[in-house]
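Below: one structure, written as structure tokens.
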Amino acid sequence: MRDRLLKGIMEKIPYTKLNGHPEKRLPGNINVSFHFIEGESLLLLLDHYGICASTGSACSSGSLDPSHVLMAIGLPHEIAHGSLRLSLGDLNKEEDVDYVLDVLPQIVQRLRDMSPLYESFIKEGGK
């Protein structure tokens, strides 16, 4: 399920970066960064749709600072701030993955539509 969720996120949401190694990771863990949005805003909207997630890494939960782990692997501050950590467990079902893949792209686009950085990026031809 993790691999299907990750593949769907990467295919459906442009300007997304996988944080960490694509295969050498915990079986139920995904950590991605979405360019041009803040992770805290993302969490608020995900919560509205009943999706539990966090920003950054587990060692930075509860802090508004970007994860020192994400910064240490070389992410710029603004990209680390747009990170999302999703965890899957034994109780998750394929329907949960489908739901996230339906809702998450809409939420990311909604937040990007409010971002002056994204607007400038698009006006410059996405470069």
Side-chain angles (χ1 to χ4, degrees):
M1 282 193 299
R2 178 205 65 195
D3 294 342
R4 189 166 79 81
L5 178 58
L6 179 58
K7 182 179 182 213
I9 289 171
M10 300 304 285
E11 287 176 354
K12 291 182 175 210
I13 306 173
Y15 313 113
T16 299
K17 178 188 180 344
L18 173 64
N19 299 320
H21 193 278
E23 296 162 5
K24 296 178 184 176
R25 59 188 320 110
L26 294 172
N29 174 274
I30 294 174
N31 190 307
V32 292
S33 291
F34 302 105
H35 297 237
F36 313 109
I37 66 169
E38 291 285 329
E40 293 301 318
S41 300
L42 182 61
L43 289 182
L44 288 171
L45 290 172
L46 286 170
D47 184 57
H48 175 75
Y49 287 93
I51 298 170
C52 299
S54 62
T55 62
S57 62
C59 56
S60 69
S61 61
S63 171
L64 292 178
D65 293 329
S67 162
H68 68 276
V69 174
L70 295 177
M71 300 295 289
I73 64 171
L75 288 185
H77 190 271
E78 64 275 7
I79 303 300
H81 255 295
S83 68
L84 177 70
R85 183 167 45 95
L86 295 166
S87 297
L88 296 165
D90 294 341
L91 299 179
N92 289 111
K93 299 181 172 101
E94 294 293 331
E95 295 83 27
D96 299 327
V97 171
D98 294 338
Y99 183 64
V100 171
L101 290 175
D102 182 48
V103 171
L104 184 59
Q106 296 172 49
I107 291 173
V108 170
Q109 190 59 53
R110 178 177 171 191
L111 292 171
R112 284 179 176 163
D113 288 345
M114 294 186 280
S115 169
L117 293 174
Y118 184 66
E119 181 180 349
S120 295
F121 177 78
I122 296 301
K123 282 182 181 177
E124 293 173 8
K127 298 177 184 171

Where [X] and [Y] come nearest, the two heavy atoms and their spacing:
{"X": "Asn92", "Y": "Ser87", "value": "OD1-O, 4.1 Å"}
{"X": "Asn29", "Y": "Arg2", "value": "O-CD, 3.2 Å"}
{"X": "Met1", "Y": "Gly89", "value": "CE-O, 4.3 Å"}
{"X": "Ser83", "Y": "Asn31", "value": "CB-OD1, 4.0 Å"}
{"X": "Leu88", "Y": "Leu5", "value": "CD1-CD2, 4.1 Å"}
{"X": "Leu6", "Y": "Ile30", "value": "N-CD1, 3.6 Å"}

- Intermediate values then yes/no, side chain to side chain contact (heavy atoms under 4.5 Å, CB included), Met114 and Glu119: CA-CA 8 Å; Met114 294 186 280; Glu119 181 180 349; over 6 Å; no
- Would you please test Tyr15 and Ile37 for side chain to side chain contact (heavy atoms under 4.5 Å, CB included) and show each step? CA-CA 11 Å; Tyr15 313 113; Ile37 66 169; over 6 Å; no
- Message: Under the criterion side chain to side chain contact (heavy atoms under 4.5 Å, CB included), I'd like the reasoning laid out for Leu101 against Ile9: C-alpha separation, chi angles, the key distance, then a yes or no.
- Response: CA-CA 7 Å; Leu101 290 175; Ile9 289 171; 3.9 Å; yes
- Message: Check whether Asp47 reaches the backbone of Leu44 with its side chain - one donor and one acceptor, N or O, closer than 3.5 Å.
- Response: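 Judged by distance alone, no pair lies under 3.5 Å.
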- Message: Determine whether a donor-acceptor pair (N or O, by modelled atom type, separation under 3.5 Å) exists between the side chain of Thr16 and the backbone of Ile13.
- Response: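 Yes; judged by distance alone, with no hydrogens or angles, the pair exists.
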- Verify same cluster id: Leu26, Val100 (apolar side-chain graph, 4.5 Å):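 Different clusters.
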From [X] [atom1] over to [Y] [atom2], what is the distance, rounded to the nearest 0.5 angstrom?
{"X": "Asp96", "Y": "Ile51", "atom1": "CG", "atom2": "CD1", "answer": "9.0 Å"}
{"X": "Tyr118", "Y": "His35", "atom1": "OH", "atom2": "NE2", "answer": "11.5 Å"}
{"X": "Lys93", "Y": "Asp98", "atom1": "NZ", "atom2": "CG", "answer": "13.0 Å"}
{"X": "Leu84", "Y": "Ser54", "atom1": "CG", "atom2": "OG", "answer": "7.0 Å"}

- Message: Is the distance from the ring center of Tyr49 to that of Tyr99 below 6.0 Å?
- Response: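 No: the rings miss the under 6.0 Å criterion.
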- On the ring face of Phe36, is Arg112 found with NZ or CZ under 6.0 Å from the centre and within 45° of the axis?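 Judged by the rule, Arg112 and Phe36 form no cation-pi pair.
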- Message: Under the salt bridge (charged side-chain N to carboxylate O under 4.0 Å, His left out) definition, can you give me all pairs with a residue in residues 19-37, not counting sequence neighbours?
- Response: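 Those involving residues 19-37 do not exist here.
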- Query: Under the side chain to side chain contact (heavy atoms under 4.5 Å, CB included) criterion, do Val32 and Lys17 qualify, and how do the steps go?
  - Reply: CA-CA 5 Å; Val32 292; Lys17 178 188 180 344; over 6 Å; no
- Task: Decide if atom CZ of Arg110 counts as having more than 12 heavy atoms of other residues, nucleotides or ligands within a radius under 6.0 Å.
- Result: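 Not more than 12 within 6.0 Å, no.
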